[in-house]
Every structure is written in C-alpha cells, then in structure tokens.
Amino acid sequence: AAMNNKLLHCAPIIPQAIMIAMTKRTRTILFLVLGAIFFSLAPLIILYSQGYRFSWNEKQFSKVGAFYLSIIPTRAEVLVNEKSIGKTARVLGTTLTKDLSPGVYSVRVQKQGYHSWEKRLEIFPKQVTEVKHITLLPDNPAFAVLQDNVEAIWFGPNKTEALLRKSPPAGGQNTWTLSLWDIQKNAEYPLLESSRAQDEIWNIEWTLDPDSFLLQIVSQEQQKSFVQTIDRNLLESQKTAAESLQASSRLRAPITSRLHYVQTQTGITFPRNVVTFFADNQQVLWLDQAGTLWQQTSNDTQPRRLNEEPFSIETETPYNILAARNEFFLQKREVLYMLNQETRTFEEFFAPFHEMVLSPDAKKLALSTGNEIWLFFFEEESEQPRRQKGEKLFLTRLSEDIENLGWFGAHHLMFVQGQTIMVSEIDNRDHLNMVELAKFSHPSLFLQEDTKTLLLHTGNQILSSSKLLP
C-alpha cells in the first residue's frame, strides 16, 4: 500500500517536469509548427471532400470525374490503364469507376471466350463519361446446318417464316420446289413444284398480309404472276408432300401484274402514268410521269400530293421509292433524294447510294455507298456520344464492298465484307470496335431477335449460329 501511494504521488510530477523543462520559446515554436500543419492540411482536406484531386501530369488540383459502363454479358472484367478495377455487376452488367483525374484513359473490357472491347476515353471535371452499349461477342460461335439444297430464301414479315426454293437431292429430278419454312420448328411445307428446270422465280414479294405473297415466274420466256395464299390450318394438319402441293395449288390465283396485285390488296386505284410505286402496311406511294409523289392510306378517300416542285423524270431511267418513319426518299440511279417537308421539294441527300436500313428503334438510318457506312439521325440522341437531329455521320470506310448491311440491335451494325461476317459498334469515339464473327462463302444474313441467333444462307445450306447474346 505504501508503494502504491508513492507511485500515485509521483504520476503528476512527470508532465509537470516536462512543462517546467519547455521554455516559453519552445512552446511558441511548437504551437506555430502545429498551426502551420493544420492550416496546410485543412485546404487539402476541404478540396478532397469537394471532389478535387492533384494531377501530377498537369501539376495542379482539378475536379475528378468517373466512368460508367454498361456491358453485355455480365461479369466482364474492366481494366483502366491496364489496371483491373474488377468485374461488372452480376445482374445489371454495369460498373462505375470514380475519383479519376481529368485526362485520357485506356479502357478495356474482356471476358474469356469473347472478343474484347477497347477504347481511349476522356474524363472531364465533374462529369461522368458513359458507354452504355458495350457488347462482347463470342470469339468462335458454333454453326449448325438446318436446311440443305436451298437455292434461295425470302424471309417473311413475321420473322418466324421464310420461303425456300429447294433443288432435289443429288441424283434427283432436274426441278425445284418452293416451300414455306417454319423457322422455329424447322419444318417445311411444299407450296409449288416446278416441272421444268428452265422455270425461274423472277420475284417474290410478301404482301401486307403475312398469309399471302406475290409470286412471279418466268416460264418459256413468259412472265406469269400469282398470289399464293397460305392456309394455316393446312400447316397444322398431317399431310403428305403431294397433298400439300395439291392444296396449295387451289389457293394460287393468277394476276396480271405487280401493280394489279397492290391495287387488289389495298383497294387503291393507280393512275395510268405511274413511273414506280411503293406499298407497306401503312401507305401506298407512287411517282407519276409529271414528277409528283403521291401518298394514300386506307383511310384516305383521295391521294395527297407530297412535293410541290416536280421531280425531274427521264425516260428509260429506273426510279425507286423508299420510306422510313414519315420521311420519303427517291432513288435515281446512284443518287438518293430526300423530301424536304418544309419546302416540299426533293433535295440530294446521299451519293453514291447503295443501300439503307432503318434501326430497330426507328431513330436512325444506316446507309452504304458500297465501301463506306454513314448514319443519319432522325432524332436527337441524348446518350453519349450525343447526336443532333438531322445529323449525318461518316462511320467508316472499308477496303472491300459492303453487302447485307443490317442492324445488330439498335447500337451495332452487321454486314458482310468479302466472305467475312462483321459486327461493328456505332460509337465512333476514338475508334470503332469491329469484330470478325465468322467466315463463309457469300453468306446472306438474318438476325433472329427472339433467339439471339444468326441465320445465314451460304452455298446451298441454311445455318444457325449458337446464341450470340445472353
């Protein structure tokens, strides 16, 4: 007890001794040093709390930014300047990388078994740089044969059926058969069998009604036109090929011409001076010899004149009418003209024109010159990279001609270059990520949105890919 009392008595003596040892000058210096440290660190702490970081490259403080990426498939690895920042969320496939100093960064997205994606993107102060439509495609998709002996294919408007012109197996008769193909069931129903190999299908055109189509055949140097109706009840019944052909022959009606066919389908009577015409499930358009484009819907009692200034018409020159959304185009040779809705005159829009296709979201057009791809925006795009309404954007130029241009979703394009199936993004910041999906001899492509697979016709076969997207 005596020892404990002695220790307790000595405890306050130590700091007091230190205080006695520290002179007034020492205490002043210590106070000034601590004050200097506090006033030096306080601004840094305040700047950090407000989102500022020191950039060693620019030797100054600046506001930070962030990357936001949305990626298909999920659980893809993201690297920024070759440093992994982890994998995307399991459900949404998104990632947010914060506290990045302004500057240009190399961003790469990768996943085993898929083509990688890479782009140099800039971070701006107090802003989030977004890339919302990154899609990684399998680097070696499998393809399976669905149909053999296919000479030609015409896909139906409902996307689940197609018409196939098929030759007989090797050693068979020298004829061909036109069949309706149910893509989902991979079942075919014969509609017409040619008795002469010289007979050629000149044109097939699906009607506004998916239960019938226009069939034009050249036989013995004479053109014959028919409307073939499809009886859905016959497809469900168990019939032999001979019974199916016989039933289909009763549903085939001859017509005089394609013009007569459209008039019959729409109930609209065309004038005699029609140069060319266009019909879809919303309207009928025709160009007369005076250079006037007319429009009529099923609800209109009279046609409506679209252009005030006549379009120049030349004899023996082919013309083509195209429509997308509520915009109207005329093709004359390799020049595409667009109707100015305000002045009601046709203005040169694109040349040389090869083909165009409307995006699935109906917000933009993809156009091809043959070896170049351009985009036209019907609406303002608020997502990065932002686009203005009416903007025409050059996307890329390739060394070989582009065929089978189409959309792979609303933010990627698909086309054939030589014998290679290509898929390209349309985000042209830095460069385009473009992948070689597969190689086949002169393939024709058709993307099946419901199954996320690709159908292609190559040689005399129809192939189906493995699933390309989750």
Approximate separation, where rounding is to 0.5 Å, of E161 CD and I230 CD1: 6.0 Å

Pair Q302-R304, side-chain donor/acceptor within less than 3.5 Å: no

Given W286, F270, Y261, W294, the one that forms ring-ring contact (aromatic ring centres under 6.0 Å, His included) with F277: F270

Reference residue S179; test side-chain contact (heavy atoms from CB on, under 4.5 Å); the match among R165, E188, E193, Q147: E188

More than 12 heavy atoms of other groups within 6.0 Å of E205 CD: yes

Nearest non-hydrogen partners of K439 and T420, listed with the distance: CE-OG1, 3.3 Å

N/O donor-acceptor pair under 3.5 Å between S368 side chain and I373 backbone: no

Backbone of N326 reached by a side-chain donor or acceptor of Q341 within 3.5 Å: yes

Backbone of H431 reached by a side-chain donor or acceptor of K119 within 3.5 Å: yes

K392 to F349 six-membered ring, cation-pi geometry met (6.0 Å, 45°): yes

Rounded distance [0.5 Å steps], CG in L100 versus OG1 in T129: 9.0 Å

Main-chain N/O of V227 paired with R252 side-chain donor or acceptor, under 3.5 Å: no

Pair N273, Q289: side-chain N/O donor-acceptor within cut-off below 3.5 Å: no

K224 to W202 six-membered ring, cation-pi geometry met (6.0 Å, 45°): no

Sidechain-backbone polar pair: E381 side chain, Q388 backbone, donor-acceptor under 3.5 Å: no

Side-chain (S249) to main-chain (Q246) donor-acceptor, under 3.5 angstrom: yes

Residues K363 and E380 bridged, charged N to O under 4.0 Å: no

Mutual orientation of the aromatic rings belonging to W206 and F213 [parallel < 30°, tilted 30-60°, perpendicular > 60°]: tilted

Given L432, V435, L398, the one that forms side-chain contact (heavy atoms from CB on, under 4.5 Å) with S424: L432

Polar side chain donor-acceptor pair, E400 to Q417, under 3.5 angstrom: no

D182 side chain to N186 backbone, donor-acceptor under 3.5 Å: no

Expected output: side-chain T88 to main-chain R75 donor-acceptor under 3.5 Å: yes

Q127 side chain to F124 backbone, donor-acceptor under 3.5 Å: no

Check against ring-ring contact (aromatic ring centres under 6.0 Å, His included), F376 and F350: CA-CA 10 Å; F376 176 76; F350 193 75; 9.9 Å; no

Pair S359, D361: side-chain N/O donor-acceptor within cut-off below 3.5 Å: yes

K389 and E379 ion-paired at < 4.0 Å: no

Derivation and outcome, side chain to side chain donor-acceptor pair (under 3.5 Å), residues W117 and E425: CA-CA 10 Å; W117 177 97; E425 66 179 349; 3.1 Å; yes

Between S84 and E77, a side-chain donor and acceptor under 3.5 Å: yes

Spacing of CD1 belonging to I421 relative to CG belonging to L137, to within rounding of 0.5 Å: 11.5 Å

For the student: nearest non-hydrogen atoms of A324 and L365, plus distance: CB-CD2, 4.2 Å

Nearest non-hydrogen partners of P190 and S244, listed with the distance: O-OG, 2.8 Å

Mutual orientation of the aromatic rings belonging to H133 and H411 [parallel < 30°, tilted 30-60°, perpendicular > 60°]: parallel

Pairs flagged by ring-ring contact (aromatic ring centres under 6.0 Å, His included) wherever residues 450-470 is involved - sequence neighbours left out: none

Closest approach of P210 to N158 (non-hydrogen atoms, all atoms of both residues): CB-ND2, 4.4 Å

D199 and W176: CA distance, side-chain angles, deciding distance, side chain to side chain donor-acceptor pair (under 3.5 Å) verdict: CA-CA 9 Å; D199 291 351; W176 52 262; 5.7 Å; no

Q384-K132 side chain donor-acceptor pair, cut-off 3.5 Å: no

